[in-house]
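Step one of this worksheet: look at the structure below.
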Amino acid sequence: MRAGADRVQGRGFLARAAAVTAGLTAVGALLGLVRDQILAGYFGAGAETDAFLVAWTVPEFASTLLIEDALALILVPAFSRALARRSGSLFGDPVRALVRGTLPRLTLGVAVAAALLVLAAPLLVSALAPGLPDPQLAVDCTRLTATCVLSFALVGYCSAALRAHGCFLPPAAIYVAYNVGIIGTILVLREPWGVRSAAAGVAVGGVLMVLVQAPSLLRELRVRPVPKEEPTALAPEGGQEGRILVLGLIAPVVAFSLCRQSQTLIERFLASPLPAGAISHLNYAQKVAQMPMILSLMLCTVSFPVVARALAAGDTEAARRRVERDLLLAAVVVLVGASTVIAAAPKIIELLFERGEFDRTDTVSTAAVMRVYALGLLGQTMVGALVRCYFSAARPLWYPAAAMAAGLATTTVAGIPGAHYWGAVGIAAANALGITCSAVLLLRGAHRQTVPVQVDRLGEGLLRLATAGAWATGAGWICSVGIDHAALSVAVASLVVIGIFLIFIACAAKAPEIPPLPRSASRRTDHARPHRAAPTAAEAAPVGETAPVGGDVPLDHGPR
C-alpha cells in the first residue's frame, strides 16, 4: 500500500529535481566560463591575474566548507532527522527548533571569522604565495573576497535546509547569481579598479546568492503553524540537537573539507616561485577540467537528502542501492567528460580563452596542465560522492579526514619535485595522484559505514568504466588532431568519445549495470510535497530509535 502510494505520488520527482539541477548547474558553469573568459581577455595570465587568484583562494575555501561540503554534510542529515520527527510531533516544530539553535551561532561565528580575515590579509597573502611580484594587489583583493565568508555561510545553510525539504530550484540557481554578480561588477568597475573589480564581484555575488534562496526558506519554515504554548519537554531535545550538531559533527567534517580544499593551497604555494602566469595556467586548466566533475555530482547532490531520509527511517538497503547507482552514474558522466578534455585539450582552450591578453603560449601551457588534471577527475568525483556514505547518517567519523590528509601528503611529497622539474604540469600531476589516493582509501573503507556499499562489485564496475574511458580518449584524440577548426574539432571529439564509450559499455562482457536516470531517480523524500501518503511506523518513529547518532567507525563532497 505504502510503496504503491509512493510510486503514484512520487514518480519522477528526483528525475525532475536532477533535470532542474542539471540545467541550472550547466548555466552556472557556462557563466563561470564566461567569467574566466572575461578575466583572461581583460587581464591575461600574468602577475595581475596571479595576485587575484591568490585572493580567490578565500571564496574557493569558503564555498567548499560552507556550501559544498561541511555545512551540507552536517545540516542535510540534521534537517532530515528534524523533518522525520515533525510528522510525529504534536507540539512545536523540530525544524524551527533546529534553526533557532544553530543559525544565530553560525552567523556570529562566521562574521567574526570574516573580520579577522580582512585584518590578517597581509599575513595570509605572504603565507599562501610568498613569491608574488605584487603582494599589495593580492592583499587588496583578499580583503574584498573575505566578505564572502559570511554570505557563503548563509548560502550553505539555506541550501542544506531547502534540499532537505525537497526544494532544489533555489539551491541550484546560486552559482548563476554568483557569476552574474562577478561578471557585472567586472564590466562596471574594470576601468577604475582593474582586477580588484573581480574581487569586488565576489562580494556582490555572495549577496545575490543569499537573496536567491532566503525567500524560499522562509516559505518552507512557515508551512506548519506552531502552537503558542510548547511543552517544556521539547526544549532539551532542540538544545541537544544543536549541541550534537556543533560538538559532535563539525570537527571531523570541517577537517575533511579543509584537507580536501588544501590541495589548492599546495598548488598555489608551489607555483608562486615559478614564472608569472603559472598560477593562472593552473587555475584556467582546473576550472575547465572540473566541469565534468561538477555535472557528475549533481545527481548525488539531489539524492543526498533521500539517502539521509532513508537512514533516518532505518532503511539501509534502500540507501545502499541509491548510493551505488549514483556512484556508477557519476562515473559515467565524469569519464566521458575527462576523455573529451584529454582528447581535445588544446582546441578547448583555444576556443574558450585565446583572445585579448591570452595568447598562443598561454593556450599551449594551459592545455598541457589541463590534460594532466583530467587524470584525477574520476578520483575527484569518487571523493565527492563516497563522502556521503560516511556522513549521511550524521555520525562523527574521522576516517574521511584521514583519507584526505593522506592524499594531501601525497600531493605535497610529489608536488615539490614535480614543480622543480616540470613546473605547473608537475603540480597538476601531483594533484591527480593525491586525490586518486584519497578516493581509493575512501572506497576501501566504504563497506564498513552506515551505507554499506559493495566495494568489490563497485570497484569492478569503475575499472570497466575507466577502461571504456581510455578507449574513448584514444579515439577522440585521433579524430581531434586531424581537424584545424577549434569548434569543429571539439564537437567531433566529443561525439566520438560518447559513441565509443557507449559502444564499449554495451558490448563489453559483464559490463557494469548503469541504470537509466528516470528509473533510478523516481523516488522522493516524503516531505518534498505537502500532499503525501501516511508515514510508515519506521518513518514516524523518533530518529533516535532507528538511527542513533554518535560513535566512530573506521573509515565523506566538494567547488567545483
Side-chain angles (χ1 to χ4, degrees), residues 65-114 149-171 174 206-207 209-250 253-254 304-305 308-309 312 391-394 525-530 542-544 547 549:
L65 284 174
L66 302 174
I67 300 177
E68 304 299 339
D69 278 345
L71 275 189
L73 294 170
I74 293 169
L75 289 173
V76 169
F79 274 103
S80 295
R81 296 200 311 275
L83 285 162
R85 285 200 305 270
R86 182 185 252 180
S87 60
S89 177
L90 299 178
F91 300 95
D93 187 345
V95 176
R96 296 187 196 181
L98 176 61
V99 173
R100 288 194 300 269
T102 56
L103 184 56
R105 283 179 287 178
L106 173 69
T107 303
L108 178 61
V110 296
V112 172
V149 173
L150 176 57
S151 59
F152 280 17
L154 298 176
V155 170
Y157 194 96
C158 293
S159 294
L162 288 170
R163 285 168 179 158
H165 280 82
C167 182
F168 295 95
L169 178 60
I174 58 176
V207 174
M209 294 165 84
V210 176
L211 296 178
V212 163
Q213 295 188 108
S216 297
L217 180 58
L218 291 175
R219 283 195 299 270
E220 291 291 344
L221 294 177
R222 293 189 185 122
V223 166
R224 181 177 179 182
V226 180
K228 294 182 180 180
E229 298 293 333
E230 295 187 10
T232 56
L234 285 177
E237 184 176 311
Q240 182 183 18
E241 180 74 43
R243 287 194 297 272
I244 290 173
L245 181 64
V246 173
L247 299 177
L249 294 179
I250 195 169
V253 176
V254 168
F304 183 37
R309 178 73 171 181
F391 293 126
S392 291
T525 52
D526 293 325
H527 51 272
R529 293 290 184 272
V543 174
V549 177

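Computed from a prediction, not measured in an experiment: that's the story for all the values here. One-based numbering along the sequence shown.
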Look up atom SG in C158 and atom CG in L218, then write down how far apart they are to the nearest 0.5 Å. 8.0 Å

Point-to-point distance, once rounded to the nearest 0.5 Å, from CZ of F79 to NE2 of H165: 7.0 Å

Side chain to side chain contact (heavy atoms under 4.5 Å, CB included) filter on L103, not counting sequence neighbours, yields V99, T107, L154, Y157

Counterpart residues, side chain to side chain contact (heavy atoms under 4.5 Å, CB included), relative to S159 (two or more places apart): V155, R163, P171, I174, Q213

Shortest non-hydrogen separation from [X] to [Y] and the atoms involved:
X	Y	answer
A82	L98	CB-CD2, 4.3 Å
L83	A164	CD1-O, 3.3 Å
L162	P170	CD1-CB, 4.0 Å
L66	A153	CD1-N, 3.7 Å

Report yes if the side chains of E220 and V95 come closer than 4.5 Å at any heavy-atom pair, otherwise no. no

